[in-house]
Amino acid sequence: MNFDAVVTREPGGAPGAELIRGLLVNGAIDKWNPFTETLLHITARHDHVENMIRPALLADKWVVCDRFLHS
């Protein structure tokens with residue numbers, strides 16, 4: 001049996017989310033206020049779901065994601 005699958009990651013995974021990932025992982029560890037960092041993570045996730053995960057699922061593909069909500 002063959003499965004059509006998309007492999008992705010978080011934070012990142014979609015072009016816009018990758019840009020946000022760059023903001024999160026580059027530079028000083030304390031450059032963001034915790035609330036701001038949380039909002040950036042949520043924004044990256046939204047972009048990832050809307051532009052990578054949802055389209056794949058609608059195309060009947062499996063999605064394998066390195067990290068997500070509870071990891």
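- Closest non-hydrogen pair, E10 versus C65, comes out as CG-SG, 4.0 Å.
- In this structure the side chain of H48 never reaches within 4.5 angstrom of the side chain of P11, judged on heavy atoms.
- Of all non-hydrogen atoms in G12 and A17, the two that sit nearest each other are O-CB, 3.4 Å.
- In this structure, the side chain of K31 engages the main chain of L23 through a donor-acceptor pair within 3.5 Å.
- Contact record, R21 with R9: NE-NH2, 3.1 Å, taken as the closest heavy-atom pair.
- Residue F35 places its CZ atom among 12 or fewer non-hydrogen atoms of other residues, nucleotides or ligands, all under 6.0 Å distant.
- Here OG1 of T38 is found 8.5 Å from CG of N33. Values are rounded to the nearest 0.5 Å.
- E18 places a side-chain N or O within donor-acceptor distance of the main-chain N or O of G13, the cut-off being under 3.5 Å.
- One distance of note links CG of L19 with OG1 of T43; it measures 12.5 Å at 0.5 Å rounding.
- No option in M52, R45, H46 other than R45 meets the side-chain contact (heavy atoms from CB on, under 4.5 Å) test with V49.
- Across all their heavy atoms, V63 and T8 have their closest contact at CG1-CG2, 4.1 Å.
- Closest approach of L24 and W32 over heavy atoms only: CA-NE1, 4.3 Å.
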